[in-house]
Amino acid sequence: MNAVVPTPPDPFFTVGTRLDGQLGRTGTIHTPHGDIATPSFVAVGTKATVKAVLPESMKELGAQSVLANAYHLYLQPGPDIVDEAGGLGKFMNWDGPTFTDSGGFQVMSLGVGFKKVLAMEAVGVRSDDVIAKGKERLATVDDDGVTFKSHLDGSRHRFTPEVSMQIQHQLGADIMFAFDELTTLLNTRGYQEQSVERTQAWAVRCIAEHEKLTAERSHRPYQALFGVVQGAQYEDLRRQACRGLESITGESGRGFDGYGIGGALEKQNLGTIVRWCNEELPEHKPRHMLGISEPDDFFVAIENGADTFDCVNPSRVARNAAIYHPDGRFNINTSRFRRDFTPIDENCDCYTCANYTRAYIHHLFKAKEMLASTLCTIHNERFTVRLVDQIRAGIEGGYFEEFKAETLGRFYRT
């Protein structure tokens, strides 16, 4: 008897309340490990952990889902070990929905020395050999895939669309992304055109490999596959990329389950770029913003149709003493907090604000105690998750514009 091939929940995504006169909406993504109410922030657990915080703490602070990085888990401990453990969720003791990225961002950003951040402004000389100052190129792209050196030990590896799918199927997340080529805003127009075509070709191969592995791994729940939109700051390329991805179907007749809007994005034109994409992408499928988490970016992306977001920023800056607060971001390791015995935010309901003072956390950073990172990460993640939850409530309650004006006016006042 043939095994039953896993299929996605039907429907996979349902649209809720629409934002009047705009592309924004609420909705629900249905996964084998629970629903995700959207808009929603997906906490990044790069190596199957949100740094410095227990998975149980992430659940308590309201995170609906977490995202791990295929590149990092491929290098360490290896996707076969995660698969043997029962998949990403079981491996890290997280029973909710999970995402994995394709590895494309890490291969390219680490490969050209940019670590975790690419510029959000197109200022500089156009070049197709973009590399961070003083860094060695670790990744080389061709039409078949990417050859790269590990940032850990210099060993050589090869990612293709098929390899990325194989890795992500072993990791077992509920939602995964097609392998794409990441470009920067400094690449030439000609190279951006080539990259969109290459990412399109890779997307075809991803769907084919995804269907093959889904049939072979019928003992696992269905994993949704999102295509990734590239095209940098160019309207015609973004629209072309969206239409191209939407046209792809596998032998089953199914296309992508959702879409990720990726690449380096001009901050000042973020809303416009997101709108270009979401005017083209099918309304009945979810749209994910890759690597976005600042308050103003949330509002502008959501009103232009984005549904979910992921970013390392809340936890990364927390480890460097940067705190998110309704009145703006500040560094808690500065001297003015040495004798400040109030919470980080008196109106925040997180564990840190309920139990610890600014003075104590200031002390922890000065003493180089690990607890400092834990307490600040809990707060920053709660701030970010809660903000997107509040935006969702604003859409549902009909007060999105008022909430946007009040929140951004206060956060960026200084």
Side-chain angles (χ1 to χ4, degrees), residues 40-47 49-54 57-58 61-63 66-69 72 101 105-106 109-110 113-121 132 264-265 267 270 289-301 309-338 340 343-345 347-353 356-391 407-408 410-414:
S40 176
F41 178 71
V42 182
V44 175
T46 303
K47 301 176 183 178
T49 175
V50 178
K51 293 186 188 302
V53 176
L54 290 168
S57 298
M58 295 305 300
L61 61 80
V66 297
L67 177 145
N69 297 125
H72 289 287
D101 71 355
F105 179 88
Q106 283 70 32
S109 64
L110 293 173
F114 285 110
K115 296 187 177 180
K116 299 180 187 300
V117 178
L118 292 177
M120 290 185 72
E121 57 181 27
L265 295 157
K267 186 177 179 71
L270 178 64
M289 292 295 301
L290 291 149
I292 297 295
S293 71
E294 288 301 300
D296 56 339
D297 296 335
F298 281 141
F299 281 97
V300 74
F309 306 81
D310 77 85
C311 193
V312 299
N313 215 49
S315 58
R316 189 186 65 216
V317 302
R319 298 192 299 276
N320 292 299
I323 301 294
Y324 283 99
H325 185 278
D327 291 322
R329 211 170 91 175
F330 63 84
N331 291 328
I332 202 166
N333 59 352
T334 57
S335 59
R336 68 189 177 103
F337 298 111
R338 189 179 179 194
D340 187 339
I344 290 174
D345 178 7
N347 296 313
C348 178
D349 58 3
C350 79
Y351 172 82
T352 300
C353 290
Y356 297 96
T357 66
R358 296 177 175 190
Y360 180 65
I361 298 168
H362 174 274
H363 155 70
L364 293 176
F365 274 109
K366 291 300 182 182
K368 302 187 185 307
E369 289 289 343
M370 290 185 288
L371 183 58
S373 294
T374 298
L375 295 179
C376 286
T377 301
I378 287 172
H379 170 77
N380 279 0
E381 292 284 353
R382 176 56 183 156
F383 175 93
T384 307
V385 166
R386 185 186 186 192
L387 175 58
V388 180
D389 288 351
Q390 289 171 326
I391 295 174
T407 301
L408 298 185
R410 184 177 174 186
F411 189 85
Y412 295 103
R413 181 170 50 199
T414 57

[X] versus [Y], closest heavy-atom pair with distance:
{"X": "Thr334", "Y": "His362", "answer": "O-CD2, 3.1 Å"}
{"X": "Ile344", "Y": "His325", "answer": "O-CD2, 3.1 Å"}
{"X": "Leu371", "Y": "Tyr360", "answer": "CD2-OH, 3.6 Å"}
{"X": "Leu387", "Y": "Thr407", "answer": "CD1-CG2, 4.0 Å"}
{"X": "Asp349", "Y": "Arg386", "answer": "N-NH1, 4.1 Å"}
{"X": "Arg329", "Y": "Ala322", "answer": "NE-CB, 3.9 Å"}

[X] [atom1] to [Y] [atom2] distance, which is reported to the nearest 0.5 Å:
{"X": "Ile361", "Y": "Asn333", "atom1": "CD1", "atom2": "CG", "answer": "11.5 Å"}
{"X": "Ile378", "Y": "Cys350", "atom1": "CD1", "atom2": "SG", "answer": "7.0 Å"}
{"X": "Thr374", "Y": "Arg319", "atom1": "OG1", "atom2": "CZ", "answer": "10.5 Å"}
{"X": "Asp345", "Y": "Arg382", "atom1": "CG", "atom2": "CZ", "answer": "11.0 Å"}
{"X": "Phe383", "Y": "Cys376", "atom1": "CZ", "atom2": "SG", "answer": "13.5 Å"}
{"X": "Leu270", "Y": "Glu294", "atom1": "CG", "atom2": "CD", "answer": "11.5 Å"}

Contact between [X] and [Y] at the side-chain level, heavy atoms closer than 4.5 Å - yes or no?
{"X": "Leu61", "Y": "Tyr351", "answer": "no"}
{"X": "Met58", "Y": "Val385", "answer": "no"}
{"X": "Phe298", "Y": "Ser293", "answer": "yes"}
{"X": "Cys348", "Y": "Pro343", "answer": "no"}
{"X": "Phe41", "Y": "Glu381", "answer": "yes"}
{"X": "Asp296", "Y": "Phe411", "answer": "no"}
{"X": "Asp340", "Y": "Thr357", "answer": "no"}
{"X": "Phe365", "Y": "Asn331", "answer": "no"}

For side-chain contact (heavy atoms from CB on, under 4.5 Å), just list the numbers for Tyr356 and His379, CA-CA rounded to whole Å, side-chain angles, deciding distance to a tenth of an Å, and then say yes or no. CA-CA 11 Å; Tyr356 297 96; His379 170 77; over 6 Å; no
Does Arg410 have more than 12 heavy atoms from other residues, nucleotides or ligands lying within 6.0 Å of its CZ? yes
